[in-house]
Novice: 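Quick one: the structure is below, questions incoming.
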Amino acid sequence: MQATTTAVGRERETNETTTEREDACPECGSALEHDDTRGEVSCRECGLIVDEDVVDRGPEWRSFEGDGENRSRVGAPTTNLMHDKGLSSVIGWQDKDAYGKRLSSRKRRQLARLRKWDERFRARDDQERNLKQALGEVERMTSALGLPETVGETAGVVYRRALDEDLLRGRSIEAVATASVYAAARQAGVPRSLDEVAIVSRVDRLRVQRAYRQVSRELGLEVPPTDPREYVERYASDLDLPGETARRARELLDAAIEENVHSGKSPTTMAGAAVYAAARLTNHSVTQADVSEVANVARVTIRSRYKELLEAQE
DNA sequence: ACACGTAGAGAACTGGT
DNA sequence: ACCAGCACTCTACGTGT
(Lines give C-alpha, C1' and ligand atoms only; values in the text may rest on other atoms or scores of the structure.)
Protein backbone atom coordinates (compact mmCIF):
# COMPACT_ATOMS: atom_id res chain seq x y z
CA MET A 1 0.00 0.00 0.00
CA GLN A 2 2.69 2.37 1.07
CA ALA A 3 4.79 1.41 -1.89
CA THR A 4 2.04 1.93 -4.47
CA THR A 5 1.18 5.39 -3.20
CA THR A 6 4.69 6.66 -3.66
CA ALA A 7 4.97 5.01 -7.04
CA VAL A 8 1.89 6.84 -8.24
CA GLY A 9 3.19 10.01 -6.72
CA ARG A 10 6.46 9.75 -8.56
CA GLU A 11 4.82 9.17 -11.85
CA ARG A 12 2.66 12.22 -11.37
CA GLU A 13 5.68 14.22 -10.46
CA THR A 14 7.58 13.37 -13.63
CA ASN A 15 4.50 14.12 -15.68
CA GLU A 16 4.24 17.52 -14.13
CA THR A 17 7.72 18.57 -15.10
CA THR A 18 7.26 17.55 -18.72
CA THR A 19 3.96 19.41 -19.16
CA GLU A 20 5.21 22.65 -17.77
CA ARG A 21 3.03 25.46 -19.00
CA GLU A 22 3.96 28.99 -19.78
CA ASP A 23 2.12 31.89 -18.30
CA ALA A 24 2.62 34.49 -20.95
CA CYS A 25 0.73 35.01 -24.18
CA PRO A 26 2.72 33.94 -27.25
CA GLU A 27 1.20 36.82 -29.20
CA CYS A 28 1.66 39.83 -27.01
CA GLY A 29 3.45 38.46 -23.98
CA SER A 30 0.97 39.61 -21.38
CA ALA A 31 -0.57 37.58 -18.61
CA LEU A 32 -2.81 34.62 -19.27
CA GLU A 33 -6.12 33.99 -17.67
CA HIS A 34 -7.36 30.56 -16.67
CA ASP A 35 -11.07 30.06 -16.86
CA ASP A 36 -11.75 26.85 -15.05
CA THR A 37 -15.45 26.74 -15.71
CA ARG A 38 -14.98 26.84 -19.44
CA GLY A 39 -11.65 25.08 -19.47
CA GLU A 40 -9.98 27.79 -21.45
CA VAL A 41 -6.72 29.59 -21.13
CA SER A 42 -6.85 32.95 -22.79
CA CYS A 43 -4.84 36.12 -22.98
CA ARG A 44 -6.05 39.00 -20.85
CA GLU A 45 -4.98 41.55 -23.41
CA CYS A 46 -5.68 40.29 -26.89
CA GLY A 47 -8.14 37.54 -26.06
CA LEU A 48 -6.19 34.84 -27.85
CA ILE A 49 -7.23 31.42 -26.73
CA VAL A 50 -4.04 29.62 -25.89
CA ASP A 51 -5.55 26.41 -24.71
CA GLU A 52 -8.94 24.81 -24.70
CA ASP A 53 -10.57 21.91 -22.95
CA VAL A 54 -7.98 21.74 -20.25
CA VAL A 55 -9.44 19.43 -17.72
CA ASP A 56 -7.79 18.51 -14.50
CA ARG A 57 -10.17 17.54 -11.81
CA GLY A 58 -7.70 15.26 -10.17
CA PRO A 59 -6.49 15.67 -6.63
CA GLU A 60 -3.62 17.89 -5.83
CA TRP A 61 -0.57 15.77 -5.44
CA ARG A 62 2.17 18.08 -4.34
CA SER A 63 3.34 17.64 -0.82
CA PHE A 64 3.64 20.57 1.48
CA GLU A 65 5.29 18.59 4.17
CA GLY A 66 9.02 18.34 4.30
CA ASP A 67 10.96 16.92 1.42
CA GLY A 68 8.02 15.95 -0.75
CA GLU A 69 7.90 12.30 0.22
CA ASN A 70 4.63 12.26 2.06
CA ARG A 71 1.64 12.78 -0.14
CA SER A 72 -0.77 10.87 1.99
CA ARG A 73 -2.80 13.88 3.02
CA VAL A 74 -4.85 13.62 -0.14
CA GLY A 75 -7.49 11.01 -0.72
CA ALA A 76 -9.64 10.29 -3.71
CA PRO A 77 -11.60 13.31 -4.88
CA THR A 78 -15.13 13.39 -3.62
CA THR A 79 -17.83 13.12 -6.20
CA ASN A 80 -21.51 13.91 -6.21
CA LEU A 81 -22.06 10.91 -8.41
CA MET A 82 -21.89 8.55 -5.50
CA HIS A 83 -24.71 8.71 -3.04
CA ASP A 84 -22.28 9.03 -0.15
CA LYS A 85 -19.95 11.27 -2.14
CA GLY A 86 -17.43 8.46 -2.26
CA LEU A 87 -16.57 8.93 1.35
CA SER A 88 -17.64 5.63 2.82
CA SER A 89 -15.34 2.81 3.69
CA VAL A 90 -15.40 -0.44 1.81
CA ILE A 91 -15.31 -3.89 3.28
CA GLY A 92 -14.09 -6.49 0.87
CA TRP A 93 -16.10 -9.63 0.26
CA GLN A 94 -13.18 -11.98 0.36
CA ASP A 95 -12.35 -13.55 3.68
CA LYS A 96 -8.70 -12.76 3.31
CA ASP A 97 -6.44 -10.42 5.13
CA ALA A 98 -4.17 -7.80 3.62
CA TYR A 99 -1.61 -10.46 2.76
CA GLY A 100 -4.14 -12.69 1.06
CA LYS A 101 -4.23 -15.27 3.79
CA ARG A 102 -7.43 -16.95 4.90
CA LEU A 103 -8.98 -15.60 8.06
CA SER A 104 -9.86 -17.53 11.13
CA SER A 105 -13.48 -18.55 11.47
CA ARG A 106 -13.88 -16.12 14.32
CA LYS A 107 -12.68 -13.24 12.20
CA ARG A 108 -14.86 -14.37 9.36
CA ARG A 109 -17.95 -14.25 11.51
CA GLN A 110 -16.96 -10.83 12.74
CA LEU A 111 -16.55 -9.58 9.20
CA ALA A 112 -19.88 -10.98 8.16
CA ARG A 113 -21.53 -9.00 10.95
CA LEU A 114 -19.65 -5.88 9.98
CA ARG A 115 -20.66 -6.26 6.38
CA LYS A 116 -24.26 -6.64 7.30
CA TRP A 117 -24.25 -3.44 9.32
CA ASP A 118 -22.15 -1.66 6.78
CA GLU A 119 -24.75 -2.48 4.18
CA ARG A 120 -27.55 -1.30 6.45
CA PHE A 121 -25.82 1.98 7.04
CA ARG A 122 -24.82 2.47 3.50
CA ALA A 123 -28.35 2.59 2.20
CA ARG A 124 -29.78 3.57 5.53
CA ASP A 125 -33.19 4.69 4.57
CA ASP A 126 -35.40 5.01 1.54
CA GLN A 127 -33.91 8.31 0.57
CA GLU A 128 -30.42 6.99 0.38
CA ARG A 129 -31.51 3.97 -1.56
CA ASN A 130 -33.49 6.17 -3.90
CA LEU A 131 -30.48 8.37 -4.41
CA LYS A 132 -28.27 5.43 -5.04
CA GLN A 133 -30.43 4.20 -7.85
CA ALA A 134 -30.98 7.64 -9.33
CA LEU A 135 -27.30 8.48 -9.42
CA GLY A 136 -26.62 5.22 -11.16
CA GLU A 137 -29.11 6.24 -13.80
CA VAL A 138 -27.63 9.71 -14.06
CA GLU A 139 -24.24 8.27 -14.69
CA ARG A 140 -25.54 5.87 -17.28
CA MET A 141 -27.39 8.59 -19.16
CA THR A 142 -24.64 11.18 -19.12
CA SER A 143 -22.17 8.75 -20.51
CA ALA A 144 -24.66 7.57 -23.13
CA LEU A 145 -25.11 11.18 -24.15
CA GLY A 146 -21.40 11.79 -24.27
CA LEU A 147 -21.58 14.45 -21.61
CA PRO A 148 -18.60 15.32 -19.45
CA GLU A 149 -18.43 14.06 -15.92
CA THR A 150 -19.01 17.50 -14.45
CA VAL A 151 -22.49 17.46 -15.95
CA GLY A 152 -23.24 14.23 -14.18
CA GLU A 153 -22.13 15.78 -10.94
CA THR A 154 -24.32 18.80 -11.43
CA ALA A 155 -27.21 16.51 -12.25
CA GLY A 156 -26.50 14.67 -9.03
CA VAL A 157 -26.74 17.91 -7.09
CA VAL A 158 -29.98 18.83 -8.79
CA TYR A 159 -31.45 15.44 -8.00
CA ARG A 160 -30.41 15.67 -4.38
CA ARG A 161 -32.15 19.00 -4.07
CA ALA A 162 -35.28 17.67 -5.74
CA LEU A 163 -35.26 14.84 -3.28
CA ASP A 164 -34.80 17.17 -0.34
CA GLU A 165 -37.63 19.37 -1.52
CA ASP A 166 -39.88 16.38 -1.74
CA LEU A 167 -40.51 16.75 -5.43
CA LEU A 168 -40.58 13.08 -6.21
CA ARG A 169 -44.02 12.32 -4.93
CA GLY A 170 -45.97 10.71 -7.74
CA ARG A 171 -43.07 10.88 -10.08
CA SER A 172 -40.68 8.16 -11.03
CA ILE A 173 -37.08 8.26 -9.96
CA GLU A 174 -36.09 7.84 -13.55
CA ALA A 175 -38.14 10.80 -14.74
CA VAL A 176 -36.61 13.15 -12.21
CA ALA A 177 -33.14 11.76 -12.80
CA THR A 178 -33.52 12.37 -16.52
CA ALA A 179 -34.83 15.86 -15.91
CA SER A 180 -31.79 16.52 -13.73
CA VAL A 181 -29.46 15.44 -16.50
CA TYR A 182 -31.33 17.61 -18.96
CA ALA A 183 -31.09 20.61 -16.67
CA ALA A 184 -27.44 20.02 -15.84
CA ALA A 185 -26.48 19.75 -19.49
CA ARG A 186 -28.14 23.04 -20.22
CA GLN A 187 -26.52 24.77 -17.31
CA ALA A 188 -23.15 23.51 -18.37
CA GLY A 189 -23.67 24.99 -21.81
CA VAL A 190 -23.73 21.63 -23.55
CA PRO A 191 -27.47 21.19 -23.95
CA ARG A 192 -29.11 18.06 -25.24
CA SER A 193 -32.63 18.18 -26.58
CA LEU A 194 -35.49 16.62 -24.72
CA ASP A 195 -35.67 13.98 -27.40
CA GLU A 196 -32.06 13.09 -27.01
CA VAL A 197 -32.28 12.62 -23.28
CA ALA A 198 -35.59 10.79 -23.61
CA ILE A 199 -33.94 8.26 -25.90
CA VAL A 200 -31.41 7.21 -23.30
CA SER A 201 -33.96 7.40 -20.54
CA ARG A 202 -36.31 4.69 -19.46
CA VAL A 203 -39.27 7.03 -19.43
CA ASP A 204 -40.91 8.84 -22.28
CA ARG A 205 -40.33 12.38 -23.40
CA LEU A 206 -43.51 13.78 -21.94
CA ARG A 207 -42.75 12.57 -18.45
CA VAL A 208 -39.28 13.98 -18.62
CA GLN A 209 -40.65 17.30 -19.76
CA ARG A 210 -43.15 17.43 -16.93
CA ALA A 211 -40.59 16.48 -14.35
CA TYR A 212 -38.25 19.12 -15.67
CA ARG A 213 -40.95 21.76 -15.55
CA GLN A 214 -41.69 20.98 -11.97
CA VAL A 215 -38.11 20.67 -10.88
CA SER A 216 -36.92 23.80 -12.58
CA ARG A 217 -39.76 25.81 -11.18
CA GLU A 218 -39.60 24.55 -7.64
CA LEU A 219 -35.85 24.74 -7.40
CA GLY A 220 -35.66 28.04 -9.19
CA LEU A 221 -33.23 26.50 -11.61
CA GLU A 222 -33.14 29.35 -13.96
CA VAL A 223 -30.64 28.66 -16.59
CA PRO A 224 -29.02 32.04 -16.56
CA PRO A 225 -29.06 33.43 -20.07
CA THR A 226 -25.42 33.52 -20.89
CA ASP A 227 -23.91 36.78 -21.94
CA PRO A 228 -23.15 36.73 -25.67
CA ARG A 229 -20.05 38.81 -25.00
CA GLU A 230 -18.50 35.80 -23.34
CA TYR A 231 -18.27 34.06 -26.68
CA VAL A 232 -16.80 36.88 -28.67
CA GLU A 233 -13.17 36.30 -27.75
CA ARG A 234 -13.21 32.68 -28.64
CA TYR A 235 -14.98 33.14 -31.94
CA ALA A 236 -12.69 35.96 -32.98
CA SER A 237 -9.70 33.91 -31.98
CA ASP A 238 -10.91 30.86 -33.89
CA LEU A 239 -11.39 32.99 -36.98
CA ASP A 240 -7.99 34.63 -36.69
CA LEU A 241 -9.52 38.03 -36.28
CA PRO A 242 -7.61 40.77 -34.49
CA GLY A 243 -8.47 42.25 -31.13
CA GLU A 244 -9.82 45.29 -32.87
CA THR A 245 -12.60 43.24 -34.41
CA ALA A 246 -13.41 41.56 -31.14
CA ARG A 247 -13.66 44.93 -29.47
CA ARG A 248 -15.98 46.13 -32.16
CA ALA A 249 -18.11 43.05 -31.76
CA ARG A 250 -18.45 43.72 -28.07
CA GLU A 251 -19.55 47.28 -28.78
CA LEU A 252 -22.19 46.00 -31.14
CA LEU A 253 -23.46 43.69 -28.48
CA ASP A 254 -23.48 46.45 -25.89
CA ALA A 255 -25.74 48.49 -28.11
CA ALA A 256 -27.89 45.48 -28.89
CA ILE A 257 -28.35 44.72 -25.23
CA GLU A 258 -29.17 48.34 -24.61
CA GLU A 259 -31.89 48.14 -27.24
CA ASN A 260 -33.00 44.79 -25.91
CA VAL A 261 -32.91 43.14 -29.32
CA HIS A 262 -30.99 40.23 -27.88
CA SER A 263 -33.65 38.94 -25.52
CA GLY A 264 -35.02 35.57 -26.43
CA LYS A 265 -32.27 34.91 -28.91
CA SER A 266 -29.58 32.43 -28.38
CA PRO A 267 -26.37 34.00 -27.08
CA THR A 268 -24.23 32.05 -29.51
CA THR A 269 -26.28 33.42 -32.36
CA MET A 270 -25.85 36.97 -31.15
CA ALA A 271 -22.14 36.54 -30.58
CA GLY A 272 -21.65 34.99 -34.00
CA ALA A 273 -23.63 37.72 -35.70
CA ALA A 274 -21.71 40.39 -33.83
CA VAL A 275 -18.38 38.93 -34.81
CA TYR A 276 -19.45 38.70 -38.41
CA ALA A 277 -20.75 42.26 -38.47
CA ALA A 278 -17.65 43.53 -36.70
CA ALA A 279 -15.41 41.79 -39.20
CA ARG A 280 -17.15 43.59 -42.02
CA LEU A 281 -16.97 46.92 -40.26
CA THR A 282 -13.28 46.52 -39.64
CA ASN A 283 -12.62 45.33 -43.18
CA HIS A 284 -11.69 41.77 -42.41
CA SER A 285 -13.10 39.16 -44.67
CA VAL A 286 -14.88 36.34 -42.97
CA THR A 287 -17.66 34.39 -44.60
CA GLN A 288 -20.93 33.69 -42.91
CA ALA A 289 -20.12 30.05 -43.37
CA ASP A 290 -16.95 30.39 -41.31
CA VAL A 291 -18.76 32.16 -38.52
CA SER A 292 -21.61 29.71 -38.55
CA GLU A 293 -19.06 26.95 -38.23
CA VAL A 294 -17.24 28.24 -35.16
CA ALA A 295 -20.40 29.52 -33.50
CA ASN A 296 -22.36 26.41 -34.35
CA VAL A 297 -25.23 28.44 -35.69
CA ALA A 298 -26.89 28.15 -39.08
CA ARG A 299 -25.84 30.63 -41.74
CA VAL A 300 -29.36 31.89 -42.19
CA THR A 301 -29.57 32.69 -38.55
CA ILE A 302 -26.36 34.69 -38.63
CA ARG A 303 -27.81 36.55 -41.58
CA SER A 304 -31.05 37.45 -39.95
CA ARG A 305 -29.37 38.62 -36.78
CA TYR A 306 -26.43 40.62 -37.94
CA LYS A 307 -28.66 43.12 -39.65
CA GLU A 308 -30.62 43.63 -36.51
CA LEU A 309 -27.39 44.27 -34.74
CA LEU A 310 -26.39 46.92 -37.20
CA GLU A 311 -29.77 48.57 -36.96
CA ALA A 312 -29.52 48.70 -33.20
CA GLN A 313 -26.38 50.78 -33.58
CA GLU A 314 -28.23 53.94 -34.46
C1' DA B 1 -17.85 30.95 -54.44
C1' DC B 2 -20.31 33.77 -51.84
C1' DA B 3 -24.32 36.47 -50.12
C1' DC B 4 -29.09 36.94 -49.54
C1' DG B 5 -34.08 35.47 -49.38
C1' DT B 6 -38.12 32.47 -48.46
C1' DA B 7 -40.82 28.41 -47.01
C1' DG B 8 -41.76 24.81 -44.03
C1' DA B 9 -40.63 22.00 -40.11
C1' DG B 10 -39.16 21.26 -35.49
C1' DA B 11 -38.16 22.25 -30.55
C1' DA B 12 -39.25 24.38 -26.29
C1' DC B 13 -41.92 27.35 -23.76
C1' DT B 14 -46.45 29.79 -22.24
C1' DG B 15 -51.05 30.38 -21.07
C1' DG B 16 -55.75 29.07 -21.38
C1' DT B 17 -59.11 25.55 -20.56
C1' DA C 1 -53.31 17.22 -17.74
C1' DC C 2 -53.68 18.65 -22.45
C1' DC C 3 -53.65 21.64 -26.40
C1' DA C 4 -52.86 25.71 -29.31
C1' DG C 5 -50.11 29.34 -30.28
C1' DC C 6 -45.61 31.62 -29.95
C1' DA C 7 -40.82 33.09 -31.25
C1' DC C 8 -36.75 31.26 -32.60
C1' DT C 9 -33.73 28.34 -35.28
C1' DC C 10 -32.96 24.88 -38.51
C1' DT C 11 -32.78 22.61 -43.29
C1' DA C 12 -33.52 23.03 -48.01
C1' DC C 13 -34.16 25.24 -51.69
C1' DG C 14 -34.01 29.19 -54.63
C1' DT C 15 -31.89 33.83 -56.97
C1' DG C 16 -28.42 37.37 -57.46
C1' DT C 17 -23.47 39.15 -57.56
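All of these numbers come straight from a predicted model, not from anything done at the bench. Chain identifiers are assigned alphabetically (A, B, ...) following the order of the sequence lines, protein sequences preceding nucleic acid strands; residue numbering begins at 1 within each chain.
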Novice: Over all strands shown, is Arg280(A) touching base, sugar-phosphate only, or nothing at heavy-atom distances under 4.0 angstrom?
Specialist: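 Since only primed, P, OP1 and OP2 atoms lie under 4.0 Å of Arg280(A), the category is sugar-phosphate.
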Novice: Ignoring the backbone of Lys307(A), work out which of dA3(B), dA12(B), dC4(B) is nearest its side chain.
Specialist: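 Per side-chain heavy atoms of Lys307(A), the pick is dC4(B).
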Novice: If hydrophobic clusters are built by linking Ile, Leu, Val, Met, Phe, Trp and Tyr wherever their side-chain heavy atoms come under 4.5 Å apart, do Val197(A) and Leu206(A) end up in the same one?
Specialist: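 Cluster IDs for Val197(A) and Leu206(A) differ.
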Novice: Of the candidate nucleotides dC2(B), dG5(B), dC4(B), which contains the atom at the shortest distance from the side chain of Tyr306(A)?
Specialist: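 Closest nucleotide among those given: dC4(B).
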Novice: Just how far, in rounded Å, is P of dC10(C) from CD of Glu196(A)?
Specialist: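 Spelled out: CD on Glu196(A) to P on dC10(C) is 14 Å.
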Novice: Between Arg250(A) and Glu233(A), is any pair of side-chain heavy atoms under 4.5 Å apart?
Specialist: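 Sidechains of Glu233(A) and Arg250(A): in contact.
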Novice: Starting at atom CD1 of Ile302(A), determine the distance to atom C1' of dC4(B), rounded to an integer number of angstrom.
Specialist: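 Answer to the nearest Å: 14 Å.
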Novice: Please state whether the phosphate of dA1(C), meaning OP1 or OP2, lies under 4.0 angstrom from any side-chain nitrogen or oxygen of Arg207(A).
Specialist: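 Checking Arg207(A) against dA1(C): no side-chain N or O falls below 4.0 Å of OP1 or OP2.
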Novice: Counting heavy atoms from C-beta on, name the nucleotide in dA1(C), dC4(B), dT9(C) closest to the side chain of Ser266(A).
Specialist: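 Of dA1(C), dC4(B), dT9(C), dT9(C) is nearest to the side chain of Ser266(A).
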Novice: Would you give the length of the straight line joining atom CG of Asp254(A) to atom NE2 of His262(A), rounded to the nearest 0.5 angstrom?
Specialist: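 Between atom CG of Asp254(A) and atom NE2 of His262(A) there are 10.5 Å.
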Novice: Roughly how many Å is it from NZ in Lys265(A) to C1' in dC6(C), rounded to a whole number?
Specialist: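 One finds 14 Å between C1' of dC6(C) and NZ of Lys265(A), rounded.
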Novice: Can you tell which of dT9(C), dG5(B), dA12(B) lies closest to the side chain of Thr301(A)?
Specialist: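 Side chain of Thr301(A) sits closest to dT9(C).
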Novice: Within the 4.0 Å heavy-atom criterion, would you say Arg205(A) contacts the bases, only the backbone, or no part of the nucleic acid?
Specialist: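 Arg205(A): backbone/sugar contact only, no base atoms under 4.0 Å.
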Novice: Rounded to the nearest angstrom, tell me the gap between atom CZ in Arg210(A) and atom C1' in dC3(C).
Specialist: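 The answer, rounded to whole Å, is 12 Å.
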Novice: Tell me which nucleotide among dA12(B), dT11(C), dA3(B) gets nearest to the side chain of Leu194(A).
Specialist: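 In terms of side-chain proximity for Leu194(A), the closest of dA12(B), dT11(C), dA3(B) is dA12(B).
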Novice: Please state whether the phosphate of dC4(B), meaning OP1 or OP2, lies under 4.0 angstrom from any side-chain nitrogen or oxygen of Arg299(A).
Specialist: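 For Arg299(A), the contact criterion (side-chain N or O under 4.0 Å from OP1 or OP2 of dC4(B)) is not met.
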Novice: In whole angstrom, give the distance that lies between atom CD of Gln288(A) and atom C1' of dG5(B).
Specialist: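 Gln288(A) atom CD is separated from dG5(B) atom C1' by 11 Å.
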Novice: Among dA12(B), dC8(C), dA3(B), which nucleotide has an atom closest to any side-chain atom of Arg305(A)?
Specialist: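 That would be dC8(C).
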Novice: Regarding Arg207(A) and Asp204(A), does a basic nitrogen lie under 4.0 Å from an acidic carboxylate oxygen?
Specialist: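 Yes.
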Novice: Taking only the side-chain nitrogens and oxygens of Tyr276(A), find out if one of them lies under 4.0 Å from OP1 or OP2 of dC4(B).
Specialist: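 Yes.
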Novice: Rounded off to whole Å, could you give me the CZ-to-P distance for the Arg303(A) and dT6(B) pair?
Specialist: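 Value for this atom pair: 11 Å.
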Novice: Separation of Arg217(A) atom CZ from dA12(B) atom C1', in whole Å?
Specialist: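 Those two atoms, CZ and C1', are 14 Å apart.
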Novice: Under 4.0 Å, heavy atoms only, any strand: does Val297(A) hit a base, just the sugar-phosphate, or nothing?
Specialist: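 Touches sugar-phosphate only.
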Novice: Check this one for me: any side-chain N or O of Thr269(A) less than 4.0 Å away from OP1 or OP2 of dT9(C)?
Specialist: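 Yes, Thr269(A) has a side-chain N/O under 4.0 Å of OP1/OP2 on dT9(C).
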Novice: Of all the nucleotides listed (dT9(C), dA12(B), dC4(B)), which has the minimum atom distance to the side chain of Ser193(A)?
Specialist: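 Nearest to the side-chain atoms of Ser193(A), counting from C-beta on, is dA12(B).
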Novice: Considering heavy-atom distances to DNA chain B, does Val300(A) or Tyr182(A) have its closest nucleotide positioned more toward the 5' end?
Specialist: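 By nearest-heavy-atom nucleotide position, the 5'-most residue is Val300(A).
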Novice: Of the non-hydrogen atoms in Ala236(A) and Ala246(A), which two are nearest, and what is the gap between them?
Specialist: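 Where Ala236(A) meets Ala246(A) most closely, the heavy atoms are CB-CB, 4.0 Å.
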Novice: I need the CZ-C1' distance between Arg213(A) and dA1(C), as an integer number of Å.
Specialist: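 Roughly 10 Å, once rounded to whole Å.
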Novice: I'd like to know if Arg247(A) and Glu244(A) make a salt bridge, using a cut-off of under 4.0 Å between side-chain N and carboxylate O.
Specialist: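 A salt bridge is absent here (no side-chain N lies under 4.0 Å from a carboxylate O).
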